[in-house]
> 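Supplied in structure tokens, the structure appears directly below.
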Amino acid sequence: MRISVIGCGYLGAVHAACMAELGHDVIGIDIDEHKIAQLAAGRAPFFEPGLPEVLERGMASGRLRFTTDISEASGSAVHFVAVGTPQIPGSDAADLRYVDASFSALLEHLSDGDLVVGKSTVPVGTAARLAELVENTGASLAWNPEFLREGFAVGDTLTPDRLVYGVRAGDDAAVAALDEVYAAAIAAGTPRLVTDYATAELVKVAANAFLATKISFINAMAEVAEATGADVTQLADAIGHDARIGRRFLNAGVGFGGGCLPKDIRGFMARADELGVGESLSFLRDVDAINLRRRERVVQLAIEELGGDVEGKRIAVLGLAFKPDSDDVRDSPALDIAARLRGLGALVSVTDPEAIETSRRVHPELNYVGSAEEAAADADAVLLLTEWRQFRELDPEAFGAGVGSRVIIDGRNVLDATRWRAAGWTYRGLGRP
Ligand code: UGA
């Protein structure tokens with residue numbers, strides 16, 4: 001199939017490359033010339049495991065091209081819109097300017113019978129509004145939310161755990177076109193749900209709201225554990241054995257960040273307010289608050305361990321990305337904590353396997369170094385804030401040789417406390433005695 005993908009960020013670039021991998025003929029379009037130049041040269045503009053290989057194969061096959069010229073969308077049968085919907089500064093609501101701009105630019109290049117497919121996460125009601133504009137051109141609209149996780153984006157796109165098509169009632173042609181796009185996944189038995197627009201839009205934010213709630217639930221338990229001497233990691237293991245609860249997304253620590261969960265729960269609350277059902281989602285206010293409290297808790301732990309004041313103290317921060325296997329620092333708890341400690345006068349040395357450049361753009365004041373050992377040289381305390389494998393596997397004895405004092409705060413509860421204590425470290429986890 002001939003496919004256009006409008007928006008080549010974390011979502012769109014992966015989607016375009018994976019559609020070519022599936023055998024489709026794909027044109028990726030973005031207004032960012034730098035990004036398109038990189039993609040056109042076969043380079044991934046951000047760190048995502050497996051993406052460079054898929055890009056390379058797509059470019060070599062001749063089935064994958066990139067351009068800044070939206071008119072090249074014409075001739076495609078299916079047009080995916082995968083642009084960002086960030087939080088509006090000073091508000092909880094999602095900023096739809098990129099969605100609106102993409103649709104208005106695309107409209108004049110649509111032909112009768114084309115299918116436009118929204119992938120961006122949007123406030124419920126957006127698809128119904130855009131459908132009218134699309135239908136005026138003779139094309140039709142579907143909303144097909146994306147559930148990929150950064151770090152696993154290629155696998156999640158090629159083999160999703162479900163497909164959701166939000167379509168106009170009775171639009172069998174839209175369903176058939178999407179089935180052709182996703183023929184491989186459908187042949188593999190991937191569940192596929194056909195819904196109306198509003199349900200498809202809600203599925204996406206409901207899923208992220210549930211995941212955020214699960215993480216904040218366990219972080220709330222961590223707060224209670226801290227007040228009682230209990231161990232939240234054992235608590236999570238124990239309740240996780242109940243199949244109705246499940247152990248995944250029950251890791252207490254510095255909380256969730258990234259370009260999706262935080263802004264999606266806020267955007268969802270803002271939209272619910274507009275719809276007069278704000279009360280139904282008022283618990284998400286607590287989910288957000290619990291999440292943000294964990295960052296402050298780590299700062300307080302550092303102050304406690306450093307004798308009541310961090311000013312002039314050397315602190316090493318391991319990890320800046322919002323999670324491992326990503327260079328994304330949007331709303332990253334790790335970067336936020338590092339910046340707060342720096343703001344309190346600490347001498348903060350930070351490192352991350354992939355996220356140094358993305359962090360430096362936001363917080364140039366931090367001292368960036370290339371390895372955990374360099375960050376920890378003469379440090380008064382070490383904070384592990386993103387659980388990259390290379391940090392989880394640090395040897396407490398060898399690593400301890402270079403530090404000023406053996407104090408570690410494990411913001412992700414991933415280190416073996418007994419082993420680190422045996423090597424002479426003061427070990428502090430979150431929600432652990
Ligand atoms: C999330 C969803 O998981 C995807 O399904 C969704 O498609 C995506 O948002 C999106 O809307 O585009 P992602 O932001 O890549 O994916 O990251 P997650 O793996 O969900 O992790 C989010 C945050 O929660 C990270 O900061 C992670 O460290 C944190 N987390 C996760 C915890 O603190 N504890 C856990 O147990 C799990």
Side-chain angles (χ1 to χ4, degrees), residues 7 9-15 46-49 82-87 94 119-122 144-157 160-164 201-222 232-233 235-237 239-240 245-268 287-288 290-295 297-298 319-337 352 355 384-388 391-392 410-414 430-431:
Y10 284 97
L11 166 57
V14 173
H15 192 69
F46 48 85
F47 178 76
E48 179 63 44
V83 295
T85 51
Q87 187 178 341
K119 277 207 140 329
S120 307
T121 302
V122 290
N144 168 223
E146 178 58 56
F147 306 105
L148 68 79
R149 299 159 295 167
E150 287 180 28
F152 302 92
V154 171
D156 285 350
T157 305
D161 52 15
R162 79 285 211 191
L163 291 162
V164 176
E201 290 166 317
L202 280 174
V203 166
K204 169 68 195 199
V205 282
N208 277 358
F210 191 88
L211 294 171
T213 303
K214 202 168 175 191
I215 299 167
S216 277
F217 175 84
I218 203 64
N219 280 326
M221 295 305 111
V232 75
T233 60
L235 182 146
D237 291 343
I239 64 172
I245 296 174
R247 181 62 178 83
R248 296 176 74 188
F249 271 66
L250 279 185
N251 295 320
V254 294
F256 60 80
C260 303
L261 263 47
K263 66 107 175 149
D264 284 355
I265 59 169
R266 294 172 196 150
F268 198 12
V287 166
D288 202 6
I290 292 164
N291 191 53
L292 296 176
R293 282 208 293 272
R294 300 319 285 163
R295 303 177 183 189
R297 169 72 183 154
V298 174
L320 296 164
F322 84 106
K323 68 174 191 181
D325 294 317
S326 173
D327 62 359
D328 195 347
V329 294
R330 288 177 292 172
D331 223 326
S332 169
L335 184 56
D336 187 24
I337 291 166
D352 188 284
L384 192 168
L385 300 181
T386 311
E387 70 278 32
W388 286 90
F391 302 150
R392 289 199 313 260
D410 178 4
R412 297 287 186 171
N413 291 336
V414 288
L430 292 189

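Numbering of ligands and ligand atoms starts at 1, following listing order.
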> Glu150 to ligand 1: N or O pair under 3.5 Å?
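N/O-N/O distance below 3.5 Å exists for this pair.
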> Assess whether a salt bridge exists between Arg295 and Asp331, defined as any Lys/Arg side-chain N lying under 4.0 Å from an Asp/Glu carboxylate O.
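Here Arg295 pairs with Asp331 in a salt bridge, since their nearest N and O are under 4.0 Å apart.
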> Could you point out which residue of Asp352, Ile337, Leu335 forms a side-chain contact (heavy atoms from CB on, under 4.5 Å) with Leu385?
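Only one of Asp352, Ile337, Leu335 forms a side-chain contact (heavy atoms from CB on, under 4.5 Å) with Leu385, namely Ile337.
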> Just which atoms of ligand 1 are under 4.0 Å from any heavy atom in Leu250?
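The atoms of ligand 1 under 4.0 Å from a heavy atom of Leu250 are 36 (O).
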> Number the atoms of ligand 1 from 1 as they appear, then name those within less than 4.0 Å of a heavy atom of Glu146, with their elements.
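So the answer, numbered in order with elements, is 7 (O).
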> If we only consider heavy atoms of Gly258, is any one of them less than 4.0 Å away from an atom in ligand 1?
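Gly258: no contact with ligand 1 (<4.0 Å).
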> Within the distance-only criterion (no hydrogens, no angle test), does the side chain of Thr85 pair as donor or acceptor with the backbone N or O of Thr121 below 3.5 angstrom?
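The answer is yes, because a donor-acceptor pair under 3.5 Å joins these two groups.
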> Would you please determine whether Arg412 falls within less than 4.0 Å of ligand 1 on a heavy-atom basis?
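Yes; Arg412 lies near enough to ligand 1 that a heavy-atom distance drops under 4.0 Å.
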> Could you check atom 16 (O) of ligand 1 against the protein and tell me its nearest heavy-atom contact, residue, atom and distance included?
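Residue, atom and distance for the closest contact: Arg149 CA, 3.9 Å.
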> Looking only at protein heavy atoms, which one is nearest to atom 26 (O) of ligand 1, and what is the separation?
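Nearest neighbour among protein heavy atoms for atom 26 (O) of ligand 1, to 0.1 Å: Phe322 O, 2.8 Å.
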> Check contact between Lys204 and ligand 1, using heavy atoms of the residue and a distance below 4.0 angstrom.
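Yes, Lys204 has a heavy atom closer than 4.0 Å to ligand 1.
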> Should Arg330 and Lys263 be marked as a side chain to side chain contact (heavy atoms under 4.5 Å, CB included) after you check the CA-CA gap, both sets of side-chain angles, and the distance that decides it?
CA-CA 10 Å; Arg330 288 177 292 172; Lys263 66 107 175 149; over 6 Å; no
> Which is closest to atom 20 (O) of ligand 1 by heavy-atom distance: Phe256, Phe210, Phe152, Phe249?
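It is Phe249 that holds the nearest heavy atom.
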> Geometry only, no angles: is Phe147 polar-contacting ligand 1 at N/O separations under 3.5 Å?
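It does: an N or O of Phe147 is found under 3.5 Å from an N or O of ligand 1.
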> Look at atom 9 (O) of ligand 1 and say which protein heavy atom is nearest, naming residue and atom and giving the distance to 0.1 Å.
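Looking only at protein heavy atoms, the one closest to atom 9 (O) of ligand 1 is Cys260 CB, 3.3 Å.
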> Donor-acceptor pair, Lys204 side chain versus Asp264 backbone, under 3.5 Å?
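Looks like no, no N/O pair under 3.5 Å.
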> Could you work out, for atom 21 (O) of ligand 1, the closest of Lys323, Glu387, Arg294 by heavy-atom distance?
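When every heavy atom of Lys323, Glu387, Arg294 is considered, Lys323 comes closest to atom 21 (O) of ligand 1.
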> Does any N or O of ligand 1 fall below 3.5 Å from an N or O anywhere on Leu261, backbone included?
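Between Leu261 and ligand 1, no N or O pair is found under 3.5 Å apart.
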> Quick one: nearest non-hydrogen protein atom to atom 2 (C) of ligand 1, plus distance?
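The answer is Asn208 OD1, 3.5 Å.
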> Which protein non-hydrogen atom lies closest to atom 31 (C) of ligand 1, naming both residue and atom, and how far is it?
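Looking at atom 31 (C) of ligand 1, the protein heavy atom closest to it is Ile215 CD1, 3.5 Å.
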> When only distance counts, is Leu211 in polar contact with ligand 1, meaning an N/O pair under 3.5 Å?
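Not met; the criterion fails.
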> Would Phe391 and Val414 count as a side chain to side chain contact (heavy atoms under 4.5 Å, CB included) here? Give the steps.
CA-CA 9 Å; Phe391 302 150; Val414 288; over 6 Å; no
> Short N/O distance, under 3.5 Å, between Asn251 and ligand 1?
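The answer is yes, given that Asn251 and ligand 1 share an N or O pair closer than 3.5 Å.
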> With side chain to side chain contact (heavy atoms under 4.5 Å, CB included) as the test, would you mind laying out the steps for Ile218 and Val232 before giving the verdict?
CA-CA 8 Å; Ile218 203 64; Val232 75; 4.0 Å; yes
> Between Asn219 and Ala222 (side chain of the first, backbone of the second, donor and acceptor by atom type, cut-off under 3.5 Å), is there such a pair?
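No, Asn219 side chain to Ala222 backbone: no donor-acceptor pair under 3.5 Å.
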> Using the ring pair (Phe, Tyr, Trp, His ring centres under 6.0 Å) rule, pick out the option among Phe47, Phe46, Phe152 that qualifies with Tyr10.
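Running ring pair (Phe, Tyr, Trp, His ring centres under 6.0 Å) over Phe47, Phe46, Phe152 with Tyr10 returns exactly one hit, Phe46.
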> If you measure every N/O of Leu148 against every N/O of ligand 1, is any gap under 3.5 Å?
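Leu148 vs ligand 1: N/O contact under 3.5 Å present.
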> Closest heavy-atom contact between Ala321 and Ala334?
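So the two residues come closest at O-CB, 4.2 Å.
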> Within ligand 1, which atoms have a heavy atom of Gly255 less than 4.0 Å away?
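That gives atoms 26 (O), 33 (O) of ligand 1.
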> On a heavy-atom basis, which atom in Ala209 and which in Phe268 lie closest, and how many Å separate them?
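The answer is CB-CD2, 4.1 Å.
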